Amino acid sequence: MRIATWNVNSIKQRLDHLVTWLRETQPDIVCLQETKCQDEAFPRLEIEAAGYNVAFHGQKTFNGVAVLSRYPFDQVTMGLPGDDTDDHARFLEAVVSTSEGVIRVASIYLPNGNPAGTEKYPYKLRWMERLASYAAERLTLEEPLVLAGDYNVIPDARDAANPEAWVDDALFLPDTRERFRALIDLGLTEAVRATTDEAGLYSFWDYQAGAWQKNKGIRIDHLLLSPQAADRLTATGIDKHMRGREKPSDHVPVWAELAIAAR
DNA sequence: ATGCCAATGCTACATTGA
């Protein structure tokens, strides 16, 4: 089974690309971020017509997450626990049933945190701590669990074409990377790094300054796997070609293949 | 040091993103 994550930067602007990509790559479960769409306007019918169940959690203008699944949803939960005052639509957890049991998946849109000198950065760090608390709790279930999304974290210098350009950025600051490491250290496996040590693998290229043409990318979209999911990891990939299409998202899909039979 | 580009909401330009 293939599980993918993709920050689409507006579901409405990217609907044609999304449906084409679903047909081409046949993922079983997809976590989307930055849908930028209120729930009543979500293009549910078009996605259902492509063969997917869909759960979404959006808001006006910004943020917004969704999960698409070829499997039926047993359970859908919106919002990351730990702060009732946080009204950003950045987290959606779904439990799906397969012939080999349940899989728990969360679509994550972790706060950017820039500029780092403002209240945006402590919000990011607190959000990461809430995510770690959630992950620690879920890991006790000993289920296949996939936390997939736009983490807004460059884990390592080899994950940026020009790491020097990011040293003061909220995506690469030591506190950011430490908290990402702490999350991994709970017992999660970062799927792409579990399958390759290659440098030069990116999931985002800025629209500005010819970043795509110069391949000045960063790798910030990740899939974190519980031990029960990591044990079944067989392959990962980054659908880089999607960045070269007309009117692309600035992010591309990242996916992991798990040895769990499709229906 | 700043704008570069793209999207939203709105219909001028501010805000957000990374």
Side-chain angles (χ1 to χ4, degrees), chain A residues 5-18 21 31-43 56-66 86-91 107-128 131 148-180 192 200-222 238 240 242-254:
Chain A
T5 180
W6 190 10
N7 178 325
V8 290
N9 187 18
S10 167
I11 185 79
K12 291 178 193 165
Q13 293 294 324
R14 229 60 64 198
L15 188 56
D16 288 350
H17 281 343
L18 174 64
W21 170 81
C31 296
L32 300 177
Q33 301 86 35
E34 281 208 271
T35 54
K36 295 186 173 180
C37 178
Q38 293 184 90
D39 290 347
E40 56 269 28
F42 195 95
F56 43 84
H57 175 40
Q59 66 183 100
K60 196 173 180 177
T61 313
F62 308 117
N63 305 323
V65 285
D86 183 1
D87 56 2
H88 287 203
R90 296 181 175 276
F91 181 94
S107 183
I108 285 162
Y109 180 42
L110 206 146
N112 175 304
N114 281 307
T118 68
E119 72 291 340
K120 289 172 185 291
Y121 191 56
Y123 171 62
K124 176 180 192 154
L125 296 180
R126 283 197 307 273
W127 209 94
M128 294 182 85
L131 182 61
D150 176 0
Y151 279 76
N152 274 313
V153 175
I154 302 167
D156 190 86
R158 67 187 157 165
D159 299 312
N162 181 18
E164 301 77 22
W166 297 93
V167 290
D168 295 322
D169 193 284
L171 279 62
F172 194 54
L173 282 171
D175 281 349
T176 303
R177 294 160 66 196
E178 275 170 26
R179 276 167 179 78
F180 187 73
V192 167
L201 299 175
Y202 309 128
S203 64
F204 168 91
W205 295 259
D206 202 297
Y207 289 121
Q208 302 181 69
W212 167 245
Q213 289 76 11
K214 299 174 191 164
N215 196 27
K216 298 269 186 188
I218 51 177
R219 196 174 69 89
I220 56 176
D221 298 271
H222 309 296
I238 301 179
K240 184 176 180 178
M242 295 303 294
R243 186 64 177 79
R245 298 208 172 164
E246 198 83 12
K247 297 280 286 177
S249 170
D250 40 7
H251 298 248
V252 297
V254 181

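Since we're looking at a predicted model, the values are computed, not measured. Just so it is clear: chains get the letters A, B, ... in the order the sequence lines come, proteins before strands, and each one is counted from 1.
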Do you know which of A:T176, A:N114, A:D175 makes side chain to side chain donor-acceptor pair (under 3.5 Å) with A:Y121?
A:T176
Counting only side-chain N and O atoms of A:N112, is one of them less than 4.0 Å from OP1 or OP2 of B:dA18?
yes
Taking the same atom, C1', in B:dA7 and in B:dA18, what whole-Å distance lies between them?
14 Å
With respect to the phosphate group of B:dA18, does any side-chain polar atom (N or O) of A:Y202 fall under 4.0 Å of OP1 or OP2?
no
With A:H222 via ring pair (Phe, Tyr, Trp, His ring centres under 6.0 Å) - residues at least two apart:
A:Y151, A:F180
Let's test your reading of the model: under 3.5 Å, does the base of B:dA7 pair with the side chain of A:N9 as donor and acceptor?
no
Any side-chain N or O of A:K12 below 4.0 angstrom from OP1/OP2 of B:dT8?
no
B:dT11 and B:dA1, which share atom name C1', separated by this distance in whole Å:
32 Å
With a cut-off of less than 4.0 Å, is there a side-chain N or O of A:N63 near OP1 or OP2 of B:dT16?
no
By salt bridge (charged side-chain N to carboxylate O under 4.0 Å, His left out), which residues pair with A:D156, not counting sequence neighbours?
A:R158
Euclidean distance, atom CG of residue A:D169 to atom C1' of B:dT16 [Å, nearest integer]:
14 Å
Over all strands shown, is A:R90 touching base, sugar-phosphate only, or nothing at heavy-atom distances under 4.0 angstrom?
sugar-phosphate
If you measure from the P atom in B:dA14 to the same atom in B:dG3, how many Å do you get, rounded?
12 Å
